[in-house]
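Everything below concerns the one structure shown next.
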Number of protein chains: 2
Amino acid sequence: MNDSGGNNGKKQARRPSTERTAQRDPERTRAAILEAATREFAENGMGGARVDAIAERAGTNKRMLYHYFGDKEQLYLKVLEEAYVGIRTAERALHIGDRSPEEGISELALFTWRYFLQHPEFLSLLGTENLHRARWLRQSVRLKELHSHLIGELSEVLEQGKKQGVFVETADPLHVYLTIASLGYFYLSNQYTLSTIFGRDLIEPANLNAWESHIVHVTLASIKR
Amino acid sequence: MNDSGGNNGKKQARRPSTERTAQRDPERTRAAILEAATREFAENGMGGARVDAIAERAGTNKRMLYHYFGDKEQLYLKVLEEAYVGIRTAERALHIGDRSPEEGISELALFTWRYFLQHPEFLSLLGTENLHRARWLRQSVRLKELHSHLIGELSEVLEQGKKQGVFVETADPLHVYLTIASLGYFYLSNQYTLSTIFGRDLIEPANLNAWESHIVHVTLASIKR
DNA sequence: CAAGCCGGTAACTAAACAGTTACTTGATGA
DNA sequence: TCATCAAGTAACTGTTTAGTTACCGGCTTG
C-alpha cells in the first residue's frame, strides 16, 4: 500500500524534484509575474483571470506568485496601480504648459489617444475595475495624489488661454480631461461591439487617423471662444 | 446502511420532494430567469456570473435555466440581444427628424445620456462583451440590421442641417453618434475609478446635470458652422 | 564549513462550478 | 380516467479553481 491513494486523512511523502533548478533571479521572477498578471487580468477580467494561467505565462508556478504578492486580489491591485503609474508618469513628461494654450490642449489630447491605442491592457483594467465599482482601487493609498498634478497643470493651461482670449471663461479642467478621455476610451474599448453593429472596422488605420483628428477637433471646438 | 453516502459508483434513489409545487407559469419563469441573468451578468461579467446565483435570483433552479436557454453562453447572448433591442426600440420612438436639425441632434444626445443613466446594466453588458472582443455578439444574426436605421435617420438630420447652413459639410453621422455615446458611456461606466482618483463624486445630481449640458454643448460645437 | 534562509518545484486539498440525472407534479385531451 | 407531456425540484458528478504543504538546493554568513 505504498502507492498513491487509499490512505485517508494522512499526508504522504512526495517524490523529490529531479529537474535541474533554473537560475535564481527574484527580481526577474517578480517582474515576470507582474507582467503576466497584467495580460491575464486585462484579457479575462478579475473574475475570469486564472492564477494558474498567470503562473504559467510567467514561466513559474503559483507558489512564487503567492510568495511575492500574497493572493490574487493583492496581485490585481498591484497590476492596477502600476498601470496608473505608467500613464501618469508618461503624462508628466509632456509639459503641456510649454507652448501656446491651444497647442497644449491638442498635445494632451494626442498623447492620451496614442497612449490608449498603445496600451489596450490599461483600458481593459479600467473596465474591469469599474465593473467592480472601484472595489480594489479604493483601497489604494498610493494613487490619490498621483492625479492632482494632472488637473493642476491642465488648469494652468486653461487659465492662460482664457487670459489670452482664445478659450471661453466656462472651460473647466476636469470637463476638458474627461472629454478627451471619453472620446479615446469609448472608441477603443468598445471597438469590437461597435465594429460589429455598424459593420465598419474601426481599428483600420484610416479610421483611426480620422478619429484622432476628430478628438482634437471636438476638444478645441468645445472650449474655443 | 440505508443512509446517504457509502455506496461507491452506484446511483441511489432520491427522496421524493415533499414541498408544495408553486403555480406553474412558463412565461413568468422564463422572464424571471432573463431578468435575473441580466442583473447577474451586469454585476459580475460573463466570467464572474454564477449560474446558481441566476437561478436563485429568479426564484427557480438551474434545471429550468438550462431547459429554457440551453446553457450559460446562450443565456448570456439572449440577455445581450434584449439589451440592444431595448435601447434601439426606445431610440426609434424619438423621431429626431421632426424638428430643426439642431434640436434633433440635441434630442438624440439627451436621450442617449438619460438612457445610459437609467440603464447601467446596459453599459456593464457592453463592457463585458467588449472585454471578450464581441465573441458572442458576433454570433448574433438578429442585431446587424437593428443599427442601420439609427445611422440612416441621423444622416438625414445632418444633411438637412448642411442644406440650411447650420452644420459644417464635414459632419459625419457615425462620428456624431460615437461622440454622443463616448461622452455618456465613459462618464458613467468609469464613474467609480474617476470619482476615486479625482476625489469628486461624479454621480452627484449637480455634476450629472453639468455633464448632461456639456454633452449637448460639445456635440453641437463640433458640427456647427 | 555547516546551518539556515530564500528562491524554487510539484503534488495536494477543499470548495465552487457548469451541467446532468432521477424523479415528481399538474394539466390536457382522447 | 388514464396516458402523455411539459413544468418543476433537488441531489449528484466531473472538472476547475484558489490557495497550501512537503520538499529541494544553492547562496550567504557566523
Side-chain angles (χ1 to χ4, degrees), chain A residues 2-33 36-37 40-41 44-77, chain B residues 2-33 36-37 40-41 44-77:
Chain A
N2 211 352
D3 224 52
S4 73
N7 68 2
N8 305 357
K10 274 271 161 92
K11 290 259 166 87
Q12 65 186 116
R14 284 93 188 258
R15 253 173 281 111
S17 165
T18 51
E19 310 226 338
R20 226 170 357 102
T21 306
Q23 293 227 332
R24 295 186 170 202
D25 193 341
E27 270 319 304
R28 225 180 81 98
T29 302
R30 220 191 106 99
I33 292 172
E40 176 74 9
F41 283 124
N44 301 104
M46 174 63 179
R50 299 290 159 241
V51 173
D52 290 275
I54 294 170
E56 202 190 321
R57 282 183 140 168
T60 179
N61 57 72
K62 280 195 290 188
R63 177 68 230 275
M64 289 295 95
L65 190 154
Y66 285 98
H67 182 244
Y68 288 121
F69 297 98
D71 62 10
K72 189 185 179 184
E73 301 199 9
Q74 286 177 69
L75 173 59
Y76 168 78
L77 179 56
Chain B
N2 210 352
D3 225 51
S4 73
N7 68 2
N8 304 358
K10 274 271 161 92
K11 292 258 166 90
Q12 66 185 115
R14 286 92 189 258
R15 252 174 284 112
S17 164
T18 51
E19 309 226 338
R20 225 170 0 100
T21 306
Q23 295 228 331
R24 294 186 171 201
D25 193 340
E27 269 319 304
R28 224 179 83 97
T29 302
R30 220 191 108 98
I33 292 171
E40 176 74 10
F41 284 124
N44 302 103
M46 174 63 180
R50 299 292 160 239
V51 172
D52 290 275
I54 294 170
E56 202 190 320
R57 282 183 140 167
T60 179
N61 56 71
K62 278 196 289 188
R63 178 67 230 276
M64 289 295 96
L65 190 155
Y66 284 98
H67 181 245
Y68 288 120
F69 297 97
D71 63 9
K72 189 185 179 183
E73 300 199 10
Q74 288 177 66
L75 174 59
Y76 168 77
L77 179 55

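Chain letters run A, B, ... following the sequence lines, proteins first, then strands; residues in each count from 1.
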List the atom of [X], the atom of [Y], and the distance in Å for their closest heavy-atom pair.
X        : Y        : answer
Ile54(B) : Ala36(B) : O-CB, 3.6 Å
Arg50(A) : Lys72(A) : NH1-NZ, 4.3 Å
Met46(B) : Phe41(B) : SD-CE2, 3.8 Å
Phe69(A) : Gln74(A) : O-CB, 3.1 Å

Categorize Ala55(B) for me: base, sugar-phosphate, or nothing, with a 4.0 angstrom heavy-atom threshold over every strand shown.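 Here Ala55(B) touches no strand at all.
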How is Ala53(A) classified with respect to the nucleic acid when contacts are heavy atoms under 4.0 Å: base, sugar-phosphate, or nothing?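 The answer is nothing, as Ala53(A) stays clear of every strand by at least 4.0 Å.
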Should Thr29(A) be listed as having a side-chain N or O under 4.0 Å from OP1 or OP2 of dG7(C)?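 Checking dG7(C) against Thr29(A), no side-chain N or O comes under 4.0 Å of OP1 or OP2.
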Answer yes or no: does a side-chain N or O of Thr60(B) lie under 4.0 Å from OP1 or OP2 of dT9(D)?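 For Thr60(B), the contact criterion (side-chain N or O under 4.0 Å from OP1 or OP2 of dT9(D)) is met.
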Can you tell me how far apart OH (Tyr68(B)) and CG (Leu75(B)) are? Round to the nearest 0.5 Å.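 It is 13.5 Å, given to the nearest 0.5 Å.
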Using 0.5 Å steps for rounding, measure from the CZ atom of Arg30(A) to the CG atom of Leu65(A).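 If we round to the nearest 0.5 Å, Arg30(A):CZ and Leu65(A):CG are 11.0 Å apart.
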Could you state the atom-to-atom distance from [atom1] of [X] to [atom2] of [N] in whole Å?
X        : N       : atom1 : atom2 : result
Glu27(A) : dG8(C)  : CD    : C1'   : 16 Å
Met46(B) : dA18(C) : CE    : P     : 9 Å
Asn44(B) : dC17(C) : CG    : P     : 10 Å
Lys72(B) : dG19(C) : NZ    : P     : 7 Å
Glu73(A) : dA18(D) : CD    : P     : 12 Å
Glu56(A) : dT17(D) : CD    : C1'   : 15 Å
Arg50(A) : dA15(C) : CZ    : C1'   : 14 Å
Asp52(A) : dT9(C)  : CG    : P     : 14 Å

At a heavy-atom distance below 4.0 Å, what parts of residues 61-71 of chain B sit against DNA chain D?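 Residues of residues 61-71 of chain B that come under 4.0 Å of DNA chain D are, in numerical order, Asn61(B), Arg63(B), Met64(B), His67(B), Tyr68(B).
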Residue Glu56(B) excluded, over 12 heavy atoms near CD under 6.0 Å: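 For Glu56(B), atom CD is not crowded (no more than 12 foreign heavy atoms under 6.0 Å).
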